[in-house]
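Values in this document were obtained by computation on a predicted structure and should not be read as measured data. These numbers come from the heavy atoms of this one structure, side chains and all, not from hydrogens, waters or symmetry mates. Just so we're on the same page: letters track the sequence lines, and every chain starts at 1.
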Amino acid sequence: MISTIDQRKEFELLKRAYEKAGGDASKFLNKRVASLIISGDKVIGLNGLTGIQIFPQQIQDGVRARIVVEKNTIIQTPIHICTGFVEKRGLQKVIFEIEIGDNSQVRFVAHCTFPWVEEFTHSALALVHIGKNAKMYYSDEHYHSDTGSVILNTTTKAVVEENGLFVNNFVLTKTRVGKLHLDASVELRENAIAELSAKVKASKLDQVLIREKLDLIGNRASGIAKTTVVALDQSKVRVVNEAYGVGDYSKGHIKCEEITKGEAVDVSTVPVLKVMNELAELTHEASIGRVNANQLQTLMAKGLTEEEATELIIKGLIG
Amino acid sequence: MWLLLLDNVNLVRGNKYILKDINAVFETGKIYAILGTNGAGKSSLAYLIMGINGYEPSSGRILLDGEDITNLSITDRAKKGLTLLWQEPVRFQGLTVEQYLTLGGKIKVSNHQIEFILNFVGLSPNLYRHRMVDGLLSGGERKRVELASILLLNPRYAILDEPDSGIDIMSLSMIENVIDYIVKHGGTVIVITHREEIAKLSQEAYLLCNGSILTQGSSDRIIKYYKDRCDECSHVNLPSLEEMRI
Ligand SMILES: Nc1ncnc2c1ncn2[C@@H]1O[C@H](COP(=O)(O)OP(=O)(O)OP(=O)(O)O)[C@@H](O)[C@H]1O
Ligand SMILES: [Mg+2]
């Protein structure tokens, strides 16, 4: 699956980066695990399985890949996607078109690692279609360099058909963020369910803009969009989570928790709820502020310093 | 002999005495009960001893082994061996019971110890060690986790604020065992309770009423006094006119 010497070198670099980010690179060499490995604008690893077809294609500054999971396919082992960039500067675009056939069930584990970049923009677009009764879990973990100079624009647009399920988790907590613009939206048909979640730790001069949106179109569609952000130093965070209740008895909940530490953080959240059907039910909860005082004092009464207690609470919140 | 001593402590908030002229002595290795009706000031006393924000004494001193700890932080008090079981333990997102018990790995304990302690408080290790200490635990389960956490700390002074509330009556013997364990390991227990069975474990008791110590002494006498006199207490839970004049 890895052909040229150059590609092997790049693969080794990426593997190192991937493992640094907490990924298990042994999965890439495992023929029983579906995987797609992208470095810069090249696909350097690819493995499909019965029921899963991956069609990658090089585009200007990046890769476009169509991932098709056939109907009635249930795959226990997650599909691994690794997107990396091993140069110091540049631009990378990835476009994923993901089609999950009716009654199928798949899990994706995606790692994006840019550990050495100095000036870098990563634009990701995921267009997801989940068939009837199908389930898709997508976990997307990012690992950036500590220069804070990454610009990350990531957009997910998903449609979930009747009785389908979409769970999307975005995590960027281990390194500096840089500038993040995350936009995840999902359109839910009858009885469909979605859970969108984003966990981010922003520090120093990081800037974060998050929008998670639920369009509850079908009857009894339900969804939750939650964002947890820890904002440190002089970081700036905006969260706008939205829910639109269109279907009869559709239910949506949006939640935003922003924990701040430091005088100079600049955080805000705006919930947008719009009911377009009197039978729909939308709720939201939001909190912004320092770490909960009761939690803090509970841990301090066990001998932790305020700093240690804060760290443990934050670790729980964002992992 | 080690001593925790409250020397003429007052806690005033707004224009109200929450605690008034508190003098109390807690000797090492003993069990003390703090009794009193709802709103008497029991939890406030626990917070004050632990150094919780908002419960700093308005006057008076707290001494531990002769050292004035009135102005020490919660952490420093805990490092001297004081700890508190809250009446309503708070929940934590994303922390498993095991992470919580070890304070994120800070307390070094063996697998075996974790299992032993969880079993001790009536939680099956298999079912609970990987559960989150969040809102999905029931009130009683949360309290058991907290008791386990306190046992692992090996405290010299454990203030237990209603350890029995939320625990089913069948499991009262577990609370007795917890108290016994702390004392056997050289600790002192100050237990706040509304339950006679628990109060009876103590040797000495303080009866709080309207923020003051109404009477103190051997537990048998205080429990009897409480039952006989406080059931139909004429003291309403409001500061007296004299108390308002501060
Ligand atoms: N921070 C505070 N500010 C003002 N009043 C307070 C504060 N904390 C407690 N109080 C008041 O002090 C009184 C004693 O409260 P406390 O919680 O200590 O009672 P308690 O004896 O523990 O009661 P219970 O048996 O219901 O737990 C109550 O009237 C309470 O409202
Ligand atoms: Mg109380």
Side-chain angles (χ1 to χ4, degrees), chain A residues 22 139 141 167 169-174 195 197-201 224-231 239 253-261 283 285-319, chain B residues 43 46-55 72-107 132-135 142-143 145-161:
Chain A
S139 101
E141 181 147 10
V167 177
N169 291 313
F170 175 89
V171 178
L172 204 181
T173 56
K174 303 258 162 62
E195 185 184 316
S197 111
K199 286 185 179 179
V200 175
K201 183 173 96 181
I224 170 163
K226 55 182 180 187
T227 305
T228 309
V229 181
V230 171
V239 178
H253 183 68
I254 60 180
K255 181 174 178 178
C256 176
E257 196 166 12
E258 294 176 86
I259 293 94
T260 60
K261 193 169 164 242
T283 49
E285 56 185 307
S287 66
I288 297 189
R290 277 163 42 94
V291 166
N292 179 291
N294 283 347
Q295 292 179 338
L296 207 57
Q297 297 189 90
T298 296
L299 296 174
M300 288 167 73
K302 298 178 194 298
L304 295 191
T305 61
E306 185 166 347
E307 198 65 23
E308 290 167 335
T310 305
E311 212 171 279
L312 185 57
I313 295 163
I314 287 177
K315 188 174 160 221
L317 285 169
I318 57 171
Chain B
S43 295
Y47 296 153
L48 175 137
I49 297 174
M50 196 66 234
I52 301 304
N53 290 346
Y55 292 85
L72 287 192
S73 69
I74 305 172
T75 308
D76 288 339
R77 292 179 205 215
K79 286 192 169 146
K80 291 186 180 295
L82 274 171
T83 197
L84 169 66
L85 172 97
W86 302 64
Q87 188 170 348
E88 299 277 350
V90 69
R91 315 298 178 123
F92 292 81
Q93 276 179 56
L95 291 183
T96 63
V97 167
E98 183 161 351
Q99 286 171 322
Y100 184 69
L101 293 181
T102 62
L103 301 176
K106 204 156 181 289
I107 300 184
M132 298 292 163
V133 190
D134 60 13
R142 177 68 189 90
K143 209 140 222 182
V145 169
E146 203 55 37
L147 286 166
S149 162
I150 283 182
L151 290 182
L152 279 178
L153 294 172
N154 257 327
R156 282 178 50 213
Y157 284 91
I159 310 164
L160 310 180
D161 193 352

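Counting only heavy atoms from C-beta outward, the side chains of B:W86 and A:Q297 approach each other to under 4.5 Å.
The minimum heavy-atom distance between A:G303 and B:A78, with the atom names listed, is N-CB, 3.4 Å. Shortest non-hydrogen contact noted between B:V90 and A:N292 is CG2-OD1, 4.3 Å. Contact detail for B:L103 and A:L299: the closest heavy-atom pair is CD2-CD2, 3.9 Å.
Residue contact with chain A, scored on non-hydrogen atoms closer than 4.5 Å, involves the side chain of B:L153 exclusively. When heavy atoms are compared at a cutoff of 4.5 Å, B:L85 does not approach chain A at all. At a 4.5 Å heavy-atom cutoff, the contact between B:N53 and chain A is made by backbone and side-chain atoms alike.
Each of A:E306, A:K302, A:M300 was scored for a side-chain contact (heavy atoms from CB on, under 4.5 Å) with B:I74, with one residue passing: A:M300.
Between the side chain of B:Q93 and the backbone N or O of A:G316 there is no donor-acceptor pair closer than 3.5 Å.
Taking B:K106, B:M132, B:R77 one by one and counting their heavy-atom pairs under 4.5 Å with chain A, the maximum is reached by B:K106.
Here the straight-line distance linking atom CZ of B:F92 with atom OG1 of A:T298 works out to 5.0 Å at 0.5 Å rounding. Note that CG of A:L312 and OG1 of B:T102 are 8.0 Å apart. Values are rounded to the nearest 0.5 Å.
For A:E308, the CD atom sits in a packed shell: over 12 heavy atoms of surrounding residues, nucleotides or ligands are nearer than 6.0 Å.
Qualifying side chain to side chain donor-acceptor pair (under 3.5 Å) partners for A:S197, counting only residues two or more places apart in sequence or in other chains: A:N169.
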